[in-house]
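Here the structure is laid out as structure tokens; the discussion comes afterwards.
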Amino acid sequence: SPGGSRAVYTNHWAVRVSGGAAEAERLAAHYGYLNLGQIGNLEDYYHFHHSKTIKRSTFSSRGPHNFLRMDPKVRWLQQQEVKRRVKR
Amino acid sequence: RVRRNPNFASFNDPLWPEMWYMHCEDNDSECRSEMNIMAAWQRGYTGKDVVVTILDDGIEKNHPDLVQNYDPRASYDVNGHDEDPTPRYDASNENKHGTRCAGEVAASANNSNCIVGIAYNARIGGIRMLDGDVTDIVEAKAIGTKPDYIHIYSASWGPDDDGRTVDGPGRLAKEAFEKGIKEGRKGRGSIYVWASGNGGREGDHCSCDGYTNSIYTISISSTTENGNKPWYLEECASTIATTYSSGAFYERQIVTTDLRKRCTDGHTGTSVSAPMVAGIIALALEANPLLTWRDVQHLLIKTSRPAHLLAPDWKTNGVGRRVSHLYGFGLVDAEALVVEAKKWQTVPAQHICVGTSNKKTWVIPANKTVRTATVTNACADQLDHHVSYLEHVVVRVSIAHPRRGDLQINLISPSGTKSQLLGRRQHDDSSEGFKHWEFMTVHCWGEKASGEWTLEVQDKPYHVRNPEMQGKLKEWSLILYGTVEPPSSNVNSQHSRSRMMEMPSSDMEPSKVAFFQTQMEMQEEEEEYTGPCHTECGDQECDGPSADQCLNCFHYSFGSLKAGRKCVSSCPSGYFGDSVQRKCRRCHRSCETCLGRSQNSCTTCKHGFYHHQETNACVMLCPAGFYAEMGQRRCQKCHPNCKKCIWEMDRCTVCKDGFSLVDNSCVMGCKAGMYLIKEPVRCENCRSNCRTCTGPGREDCTQCGRNSHDWKCVPSCGENYYADAVPGLPYKVCRRCENNCTSCDSSGKKCLQCKEGFSLFSGSCVANDRCRNTDDLFCELVKSNKLCERKILFQFCCRTCLLAG
């Protein structure tokens, strides 16, 4: 985490899925996420939202929805952290 | 000086007269139009058909000064997941930043509103992405928005500048950068302009901002009206160029559009500078839409120059470019940029040479500097990775350290250019160190990549620290970016006209002025020198007959660009020929001639030094066993018998063991038990009982035969004494037995015979009249507890002890 301060986790995930949009949709539905679509123009990366996970937490999320991580179709997964950004 | 051009109409925008950084209509203060934006307009470039977007907290698309150029297709709301980037309004107007930046780029001209944007005919959009949780996904989405439509992305934000943070683009944002560079603008690469590290607080260093340290972003810093360092500016080896901004008292501000359809002069910091350069690049893209993302960086570096900017660290890099950590290659020059852009030929393909990783762990003692070097051939053996002409240099570093803020890191290129990759940060007390953190410098731009690169890591504690907790440089590796061929004909016109126009000859050395003037004449007449070149040029080109006019040298180049450089067949004394760089490099200060830079590479020495052949070093004092031979200034060996000698081989002052000094000569000494008489030279016996001596007298005995008593040698120790063996001595020393004991064993602990009136009990002497009448019980106690073995106690019941035997 930057500067040693504790990470703040959100209820958003970046998921790298092999199998395209349909597969992403299936995975989201299966594990209780909402698929917010591809992340910009990054192929295979999808934006998932889990409404049952607390919006801000200093702990990374636990629960069955984390089984998504182990799904063979998931190549990479990252729970999103809030990054502190300042204007120059 | 861009004076009001009579046939160039002024603008009716109310704040146009305040735009001192554009024109010089205000006669009573210094003209600061060196960014030459108006001159670029006069060449017909205003950013037409170029699309710019601002990554920030939104854009007020219906602002009267923006509405005309606003482009919805260059906009998006990542925070709100919709197409409308209008900022969220609140009482504090906290979301004003994006609108202010947008105005600098493309505020309309001559609409009687606010200001005139630098690219006042470009299309402007906004990506709203800061007004909410900023995550890796949010940044990736912003950076990757419509890369085939948007040409330039301007960002004036970054990680916290609390002086403790080390942060940069996450995995997704990095992928978005790379994708934008590879595929954006139909393969020519999206242009990312980033405000150099600064968030308004001090004690930070921008190399901990991973965005400005990325090779994909054009990092821009700021200077004040008078060329001073704004109070907020951080030094940065990755800064490419600079624009004016506000940030100093009593100096003029920057004006721009503001939220709620207003105007402001309160926009400041490097937040101002990124959009300015975005606007200037828009002019260049109008002049040449085919420019790639690297072309743009080359052009900026080529055309920016120090002008009147004040920096303590201006230096000339290995190819003659002036560069500083505060301002990069200096103030941008919009006119030079569009002129060069117009005729620019795309630079050769980028090569990436990833150096081998140095995994040797170095301890970094406090208040010390660790210096480690790596020699690279810049992947000359790998065709697709070979880098000859440098662009970006990245150093990937892993350091463990108890207090990261105490670290300072420098990188020295083969041409001797020193970049400060990291400065100390007084607030950073993190113990995380750096894990594969990538520092980047542009200071070596254009230099040759191969040779020795030196990394310096200094540990300068702000506070007293536990000395046992030391930092460790765990791993570091070089990543060299550049081209294998020179950036072609763009190099020839390297000293571009605008550069020479801008650099007042008064502060240039006469030789340089002459050099430039000849260059100018040459250029204006466009004639190539076709006469013969000096032999030292080899088959390289030259632009004159003498050895200092070679393009490159056949043998060695001697001197520096500042002092004048020429080609020589061999290096003068005090220098050695670096065969890799083909350059004369300075020997160690003590060497007259040498084979390398270190002090152990001398072959001959300067006056006052002597060459020590065993170490190839030049020393002021020859070591023991050698004497200083004046003629050849060498340390020559002494006579084999001499431990030390002076002036001559056999002028001994100290002899080796077994030899004796006789009139400065070392002669074989006498055997043990004898001593040497010099006149005539002979050996005589020592006194009896004396093992070695230096003369006949009692005091001359240096080692006893058998025993020594009161420093006298005796055959045996007397009464009350025993002979004690002393480690390291070939003889024994008489020592006194215990009190009342007249004879004791060799350990001295056990008495064998007592004085009169004392009786011997278990090796000790006890007065005869003590302890006769002790009662039984007490003795029984002593006896049952076996206390007799305790020497102190048995006196209480001697008789008991006697009985106990």
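- If you check the side chains of B/Arg185 and B/Tyr149, you find no donor sitting under 3.5 Å from an acceptor.
- Residue B/Thr145 does not touch chain A at all, counting heavy-atom pairs closer than 4.5 Å.
- Side-chain contact of A/His65 with A/Ser61: a donor-acceptor pair under 3.5 Å is present, judged by distance alone.
- Among the candidates B/Val272, B/Ile137, B/Thr135, the residue making the largest number of heavy-atom pairs closer than 4.5 Å to chain A is B/Ile137.
- When heavy atoms are compared at a cutoff of 4.5 Å, B/Leu172 approaches chain A by way of both its backbone and its side chain.
- A donor-acceptor contact closer than 3.5 angstrom links the side chains of A/Asp71 and A/Tyr31.
- Your options are B/Ala142, B/Ala140, B/Gly144, B/Gly158, and the one with the most heavy-atom pairs under 4.5 Å with chain A is B/Gly158.
- With respect to chain A, the highest number of heavy-atom pairs below 4.5 Å among B/Val78, B/Asp136, B/Ile143, B/Val138 belongs to B/Asp136.
- No side-chain N or O of B/Thr165 forms a donor-acceptor pair with one of B/Asp167 less than 3.5 Å apart.
- Listed by chain and number, the residues in a ring-ring contact (aromatic ring centres under 6.0 Å, His included) with B/His427 amount to none (sequence neighbours excluded).
- The environment of NZ in B/Lys146 is crowded: more than 12 heavy-atom neighbours from other residues, nucleotides or ligands sit within 6.0 Å.
- A/Arg56 meets the side-chain hydrogen bond (donor to acceptor under 3.5 Å, both in side chains) test with B/Asp133; sequence neighbours excluded.
- The cationic atom of B/Arg171 (NZ for Lys, CZ for Arg) lies less than 6.0 Å from the six-membered ring centre of A/Trp76 and within 45° of the ring axis.
- The side-chain hydrogen bond (donor to acceptor under 3.5 Å, both in side chains) check on A/Gln79 picks up nothing, with sequence neighbours excluded.
- Contacts of B/Glu139 with chain A are made by side-chain atoms alone, with heavy-atom separations under 4.5 Å and no backbone atom involved.
- Only the backbone of B/Thr268 has a heavy atom closer than 4.5 Å to any heavy atom of chain A.
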Just do the side chain to side chain contact (heavy atoms under 4.5 Å, CB included) check on B/Ser196 and B/Ile220 with the steps written out, would you?
CA-CA 5 Å; B/Ser196 175; B/Ile220 300 296; 5.7 Å; no

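- Interface summary for chain A: among B/Thr270, B/Val134, B/Asp56, the most heavy-atom pairs under 4.5 angstrom belong to B/Val134.
- A/Lys87 and B/Asp57 are joined by a salt bridge, as a carboxylate oxygen and a charged side-chain nitrogen come within less than 4.0 angstrom of each other.
- Heavy atoms of B/Ser222 lying under 4.5 Å from chain A are absent altogether.
- Heavy-atom pairs under 4.5 Å with chain A peak, among B/Ala274, B/Ala195, B/Gly163, B/Pro159, at B/Pro159.
- Annotation: maximal heavy-atom pairing with chain A below 4.5 Å, among B/Ser156, B/Pro147, B/Gly269, B/Cys208, occurs at B/Ser156.
- When heavy atoms are compared at a cutoff of 4.5 Å, B/Glu178 does not approach chain A at all.
- Remark: the B/Ser273 side chain and the B/Ser245 side chain contain no N/O donor-acceptor pair separated by less than 3.5 Å.
- For B/Asp209, the part sitting under 4.5 Å from any heavy atom of chain A is the side chain, from C-beta outward, and nothing else.
- For residues 38-55 of chain A, the interface with chain B (any heavy-atom pair closer than 4.5 Å) comprises A/Gln38, A/Ile39, A/Gly40, A/Asn41, A/Leu42, A/Glu43, A/Tyr45, A/His47, sorted by residue number.
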